[in-house]
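Report on the following structure.
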Amino acid sequence: MTTEHPGLSELARRPAADSVSEPFGAHGFADVNKFLLVYKFGLAEIGTKINILAEELAHRGRGNPIEHVSPRLKTPASIAAKARRIGCPLTFDDLRARIRDIAGIRIVCGFVPDVYTVARMLTGQPDVRLVVTKDYIAEPKPNGYRSLHLIVEIPVFLSDRVVAVPVEVQLRTVAMDFWASLEHKIYYKHDAHVPAGLRAELAAAAEDAARLDQRMQRLHQEIHGPRG
Ligand code: GTP
Ligand code: MG
């Protein structure tokens, strides 16, 4: 489809906070749901891979490196809002090509090395194609945000074709997740205008979280040995 989709343009005109479940015309609604379907399948595929890794690693008796996993599908309203923000035309072809985080999954691990182990195991699978890596653990964002972000492509087998579906994978530790959740809340509470003092405190809190990660890792190694 190359013309702007009426359902999506209508959504884009509305305020971003508009209800996402509100239908935008029966025709538009069905089209958007169809567009989102492969992303839902991609998320299911990657979710299965992660569950298999978690369960198999737990059976190996060295403990499960994965604490919890949360998948999410971007809502039509937030897809339209992001498209508007990045100047992406509201056609399905453009959205498909330019918005790579319609399907997203967050993997929260116990320790920093677990993050890289899980990332390596996932991207090492022959049907997973690693497209982009952003390592905000090695290079934290100026606000202190830490996580390992991957965009991977995973094949989804439909009745008549195979689609390579992009999925954004965010990997982080419990401490990084704790910080990111609260930072997100504060950010939104201040409508993105966080006062400078608070920004500095948030960055310092991120350093504290990173130190806590190091400390827990050291304790873990003392108890279980360096390869524990
Ligand atoms: P988006 O357009 O937001 O997807 O950003 P991007 O394409 O530049 O990608 P990036 O990898 O920087 O961030 C993608 C996602 O990571 C965001 O949608 C958030 O879920 C998360 N994220 C990135 N930066 C921050 C941050 O500073 N704080 C929090 N809490 N989350 C963040
Ligand atoms: Mg995003």
Side-chain angles (χ1 to χ4, degrees), residues 8 11-12 15-18 20 35-36 39-40 42-43 46-47 50 66-90 94-109 112 115-116 118-119 122-123 128-154 165-210 212-213:
L8 287 168
L11 261 184
D18 221 6
V20 292
F35 169 73
L36 286 177
Y39 294 97
K40 187 180 121 187
L43 216 45
I46 207 107
I50 294 158
I66 299 171
E67 291 292 325
H68 53 264
V69 178
S70 39
R72 74 102 184 86
L73 207 56
K74 236 180 172 53
T75 60
S78 110
I79 294 171
K82 180 163 180 174
R84 188 168 39 187
R85 183 157 53 81
I86 65 174
C88 172
L90 292 172
D94 286 297
L95 296 174
R96 205 174 282 121
R98 295 197 41 202
I99 303 192
R100 313 291 284 173
D101 62 346
I102 291 171
I105 194 159
R106 185 170 296 148
I107 307 173
V108 177
C109 297
V112 178
V115 162
Y116 292 100
V118 172
L122 194 62
T123 56
V128 176
R129 189 170 87 85
L130 177 61
V131 184
V132 179
T133 304
K134 287 189 199 166
D135 190 345
Y136 297 124
I137 298 176
E139 277 183 72
K141 285 197 170 182
N143 66 354
Y145 178 78
R146 286 166 170 79
S147 282
L148 177 63
H149 290 188
L150 313 173
I151 305 288
V152 298
E153 267 178 7
I154 185 160
V165 178
V167 180
E168 182 186 76
V169 184
Q170 297 182 354
L171 299 113
R172 52 172 78 144
T173 63
V174 182
M176 292 171 195
D177 193 49
F178 172 62
W179 182 91
S181 307
L182 298 189
E183 186 264 355
H184 185 73
K185 277 188 192 153
I186 294 169
Y187 194 83
Y188 281 97
K189 198 167 281 176
H190 285 82
D191 203 19
H193 301 295
V194 182
L198 189 50
R199 265 208 306 275
E201 282 233 53
L202 275 172
E207 299 287 335
D208 288 344
L212 186 59
D213 267 335

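Counting convention: from 1, in listed order, for ligands and their atoms alike. Computed from a predicted model, the values in this text were never measured in an experiment.
- Within 6.0 Å of the OH atom in Tyr116, the count of heavy atoms belonging to other residues, nucleotides or ligands exceeds 12.
- Using a 4.0 Å cut-off to heavy atoms of Lys141, the atoms of ligand 1 that qualify are 12 (O), 23 (C), 24 (N).
- The main-chain N or O of Pro166 is never found under 3.5 Å from a side-chain atom of Arg129 such that the two would form a donor-acceptor pair.
- Taking a cut-off of under 4.0 Å to the non-hydrogen atoms of Arg85, the atoms of ligand 1 that pass are 2 (O).
- Ionic pairing of Asp101 and Lys82 is present here: one or more N-O contacts between side-chain nitrogen and carboxylate oxygen are shorter than 4.0 angstrom.
- Contact annotation: for Tyr136 versus ligand 1, heavy atoms closer than 4.0 Å belong to the side chain alone.
- Applying the 4.0 Å criterion to heavy atoms of Glu168 picks out, from ligand 1, the atoms 14 (C).
- By the salt bridge (charged side-chain N to carboxylate O under 4.0 Å, His left out) test, Asp177 pairs with Arg172, sequence neighbours left out.
- Around atom OH of Tyr145, more than 12 heavy atoms belonging to other residues, nucleotides or ligands sit under 6.0 Å away.
- Polar contact check, Trp179 against ligand 1: no nitrogen or oxygen pair lies under 3.5 Å apart.
- Under a 4.0 Å criterion applied to the non-hydrogen atoms of Ala180, ligand 1 contributes the atoms 30 (N).
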Could you list the donor-acceptor pairs under 3.5 angstrom formed between side-chain atoms of residues 192-202 and any protein atom two or more places apart in sequence or on another chain?
unit_1 : atom_1 : unit_2 : atom_2 : d
Arg199 : NH1    : Val194 : O      : 2.7

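- Distances from atom 13 (O) of ligand 1 to the heavy atoms of Arg172, Arg146, His184, His149 show the closest one on His149.
- For ligand 1, the atoms sitting less than 4.0 Å from at least one non-hydrogen atom of Asn143 are 26 (C), 27 (O), numbered in the order shown with element in parentheses.
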